[in-house]
Amino acid sequence: MTGVEQAAGRGAGAGPVLLGVRHHGPGSARAVRAALEEVRPRIVLIEGPPEADALIPLAADEEMRPPVALLAHAVDEPGRSAFWPLAGFSPEWIALRWALEHDVPARFIDLPATHTLAWGRREDEAGTEGEGPPAAEVPPEGDTGPASTELRIDPLGVLADAAGHDDPERWWEDVVEHRGAEEDDALAPFTALEEAMGALRETFGSGGHDRDLVREAYMRLQMRAAQREFEDGVAVVCGAWHVPALRRKTTVAADKALLKGLPKVKADMTWVPWTHRRLARTSGYGAGIDSPGWYGHLFSAPDRPVERWLTKVAGLLRAEDRIVSSAHVIEAVRLAETLAAMRGRPLPGLSETTDAVRAVMCEGSDVPLALVRDRLVVGDELGEVPPSAPAVPLQRDLTRLQRRLRLKPEALERELELDLRKENDAARSRLLHRLRLLGIAWGEPAASRGSTGTFRETWRLRWEPELSVRVAEAGVWGTTVLSAATAKAEADAVSAEGLAGVTGLAERCLLAELPRALPTVMRVLADRAALDTDVGHLAQALPALVRSLRYGDVRGTDTGALAEVAAGLAERVFVGLPPACAALDADAAEEMRGHVDAVHGAVALLGDAPAAGHARLRGRWQSVLRVLSGRDTVPGVIRGRAVRLLLDDGQLAHDEAALLMGLVLSPGTPPADAAAWIEGFVGGGSGGGMLLVHDERLLGLVDAWLTGVPAEAFTDVLPLLRRTFSVYEPGVRRTLGELVRRGPGTGGGATAAGSGAPGFAADFDTVRAEAVLPVVRLLLGLDEMDENAGDNTGNNLAGVTG
């Protein structure tokens, strides 16, 4: 009898050979290959979107390397998409390759993507893309969206619990992954699994997912069509959960009734690279597995999988400068085998090898073990798709640029240092900035190490599979990266809500070098700047413009128009800032203080004459600061900051600054206003602590004011003072404490105030020191202390705190 006849004669009766599998299971993949070799079907039906039938021949391309995924997206809404991932150890991938190698037709028979995507829209699923597994598995696959709110059962967990195991993954390893090949009957594991799934479905029905009923109806219709064409030479590879439903006898009319009225959208489909990390269950993938890297190793290792795995682990640890020798590998293998024997397992599994690695190679530490899990157990392998695969024009242009600039997409995050003075690095920078503008976050800017010059950039690169969706989504803006980024920038400029958004966009256009978009952005920027009367908005926009001027200089971009707008914006800030600072509450004053700092830094970078007709900007800004520092209607935090900025710029002598501080800290000023002035003068991480360290005259004034604050007002100013001084470095705070303890006039300060300054006592204050004695007794656990000891302790404390 032929394999098909043998299958037809089994208890299930004549009909297709149903091979129920677990997605991404190497044991299922080996069993599928053995079953197909035995049965030799005339057609192979695979659970997956039928729109992908035309893409099946690409699976045989030499440049196709899993993990990969079928990507479907709505033509009119590219952000709505679904993935069907396939690894090299996925049973569906093995079935595809077997069919191509044996010239047997293969077809996908799951619910079409046109309905799947429309169904997701109808249910208003969270997110813009989803991950639909290639077939329902054990457990059944997740929704096409990133999350499903329906209650689902875990068939794998139910079966493991029935077998007395508390770990479904470990049970599956024992009964499937470590199961030896049965040469006499390659279909035996599928028969056993079908029986188990039948029992579960009798108990749980569809398992809490009504969509499975619709999908199964469509699959039954496709099976009938294949049977009419190929009779009994049909093999079906699908999730084991669906096998009992596909075996059940139903009428064509009943199945078609379930499909009637399903929503539809126009969909496109292609192959895209995938990663092992995105196959992991922790990524949110509904059909995910815990250890894709380990499963890939089990499938690819021809023999001695434990020895090969531990050798791979040793290589990784040695690359991280850990001392691991061949003796460690030998001992780890022995320990893993011993643990498996003690636990009654047929072969060492992932838990045994992990325990052996921890004990032998990691010296009991979980820190290097976490690296092993991340790099090997899960893994960062990124698949490849041949250039002949369908793709939007934007994707083709991006691929061409990646090859020309030698920027290969990688799943593992890496840092890229760019020197913008080099042509190739500058081109890389332009590409990454253009992609970010399009919402394709392949690279994220990072702080440069070793250099703060504007000619250097640092990027963190990591290619995620979802970026393929972002590329398809951005394809509506143009056929090349340059044209798409230009069109997107122009549209964003017109639709931007605030002035700061337009200035930020101008900066990004210069970074991305989009000369055709810049005129539109500048026109919108000039219009918005002319109409916006909010000084806060103008102050927020100015720093971004100044940064754009600096970056433009580095890239050799003509920024004349930008300089003109920046200078005009600065002029308007100078005029509007003093009245805008009047009559502000505490929160508004703090926000305005930040604007003053930002404008000060921007004016310093702009220079005296950034554009024609705008001379002496710095001088005018200093005049504005003098106005702010002397107006009583301006909040103290802004007046104090204005004085500090003038002092730092050399426009205010130390004596004059001390005089202004003395006036503010005089008894006639409310304590809260004085505390706010101090916050503006020496707070906010502006180096105020070092100023007080080197000018004891100012320190003496602060100390004199602080000691004179009435008790009833002290609790009101304390939070502000704590915020002011808590931002200082520990060394600065320690130095200030020593200066206060020592008192002025004994040397060490840059401008010592002289002895007798207010706030510095001539001797230690023993009364204040004695007040802390009860707390000291409590801390030291001393219940009783004689009078002499108390006096001695008080004297000692006076020496510390006076």
Side-chain angles (χ1 to χ4, degrees), residues 16-21 23-24 28-29 32 36 41-61 64 66-73 81-87 90-119 130-137 140-141 144 211-212 214-230 233-243 245-246 255 259 262 264-272 274 286-287 385 389-390:
V17 178
L18 302 182
L19 305 179
V21 300
H23 295 318
H24 318 309
S28 289
V32 164
L36 293 177
R42 297 168 57 194
I43 187 172
V44 178
L45 305 181
I46 302 169
E47 189 179 339
E51 294 93 336
D53 285 351
L55 303 177
I56 289 177
L58 288 172
D61 195 295
M64 176 77 85
V68 293
L70 290 166
L71 163 64
H73 66 82
S81 59
F83 298 99
W84 285 262
L86 296 172
S90 298
E92 297 84 1
W93 179 259
I94 297 303
L96 280 179
R97 293 301 303 264
W98 184 92
L100 292 170
E101 291 168 1
H102 294 79
D103 294 325
V104 172
R107 296 175 187 169
F108 288 113
I109 61 169
D110 201 354
L111 191 69
T114 183
H115 298 306
T116 300
L117 296 174
W119 203 321
E131 294 174 14
E137 61 160 5
E141 80 279 17
T144 54
R211 187 182 301 185
D212 282 350
V214 177
R215 297 172 58 232
E216 289 159 356
Y218 187 87
M219 286 190 276
R220 284 192 295 266
L221 291 175
Q222 300 306 304
M223 287 169 49
R224 292 188 183 100
Q227 283 182 280
R228 287 194 298 269
E229 185 176 355
F230 296 96
V234 178
V236 180
V237 179
C238 65
W241 179 255
H242 295 300
V243 171
L246 299 186
D255 287 342
L259 301 172
L262 290 180
K264 297 175 65 175
V265 296
K266 186 177 181 181
D268 274 349
M269 181 159 284
T270 186
W271 289 104
V272 295
W274 204 251
V385 172

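Inter-residue side-chain proximity for V21 and C238 is flagged as unmet; no heavy-atom pair is nearer than 4.5 Å. Side-chain contact between P390 and L58 is present, with at least one heavy-atom pair separated by less than 4.5 Å. Using a 4.5 Å heavy-atom cutoff, the side chains of D212 and W241 are in contact. When side chains are defined from C-beta on, P66 does not count as touching W271, because their heavy atoms never get closer than 4.5 Å. With contacts defined as side-chain heavy-atom distances shorter than 4.5 Å, the pair Y218/P50 qualifies. Put simply, the side chain of V272 does not reach to within 4.5 Å of the side chain of V68, judged on heavy atoms. Side-chain contact check for V234 versus M223: every heavy-atom pair is 4.5 Å or farther apart. Residues T116 and P49 fail the side-chain proximity criterion, which asks for heavy atoms closer than 4.5 Å.
Listed for the T114 side chain is no donor-acceptor partner under 3.5 Å among the backbone atoms of A267. Without hydrogens or angle criteria, E92 side chain to L86 main chain gives no donor-acceptor distance under 3.5 Å.
We find the CG-CG distance between L259 and L221 to be 6.0 Å, quoted to the nearest 0.5 Å. To the nearest 0.5 Å, the span separating CD1 on I94 from CG on L19 amounts to 13.0 Å. Put simply, CG on L96 and OG on S90 are 10.0 Å apart, with the number rounded to the nearest 0.5 Å. Atom CG in L111 sits 10.0 Å away from atom CD in Q222 (nearest 0.5 Å). Once rounded to the nearest 0.5 Å, the distance linking CE of M269 with CG of L70 reads 5.5 Å. Distance CD1/I43 to CZ/F230: 4.0 Å, rounded to 0.5 Å.
If you run side chain to side chain contact (heavy atoms under 4.5 Å, CB included) between L18 and each of L45, V237, V236, only V236 comes through.
When every heavy atom of A106 is checked against every heavy atom of I56, the shortest pair comes out as O-CD1, 3.3 Å. Summarising the geometry of M219 relative to L246, their closest heavy-atom pair is CB-CD2, 3.7 Å, with the distance given to 0.1 Å. Closest non-hydrogen pair, H73 versus S81, comes out as CB-CB, 3.9 Å. Closest non-hydrogen pair, A69 versus P85, comes out as CB-CA, 3.7 Å.
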side-chain contact (heavy atoms from CB on, under 4.5 Å) between F108 and E47, intermediate numbers included: CA-CA 5 Å; F108 288 113; E47 189 179 339; over 6 Å; no
Audit row: L71, W84, side-chain contact (heavy atoms from CB on, under 4.5 Å) steps and yes/no: CA-CA 7 Å; L71 163 64; W84 285 262; over 6 Å; no
Stepwise side-chain contact (heavy atoms from CB on, under 4.5 Å) check, D110 with R215: CA-CA 6 Å; D110 201 354; R215 297 172 58 232; 2.7 Å; yes
Steps toward salt bridge (charged side-chain N to carboxylate O under 4.0 Å, His left out) verdict (R220, D255): CA-CA 8 Å; R220 284 192 295 266; D255 287 342; 2.8 Å; yes
Verdict with supporting geometry, L262 and V214, side-chain contact (heavy atoms from CB on, under 4.5 Å): CA-CA 10 Å; L262 290 180; V214 177; 3.9 Å; yes
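Ionic pairing of E229 and R42 is not present here: no N-O contact between side-chain nitrogen and carboxylate oxygen is shorter than 4.0 angstrom. Note on E216 versus R211: no salt bridge recorded, every NZ/NE/NH1/NH2 to OD/OE distance being 4.0 Å or above.
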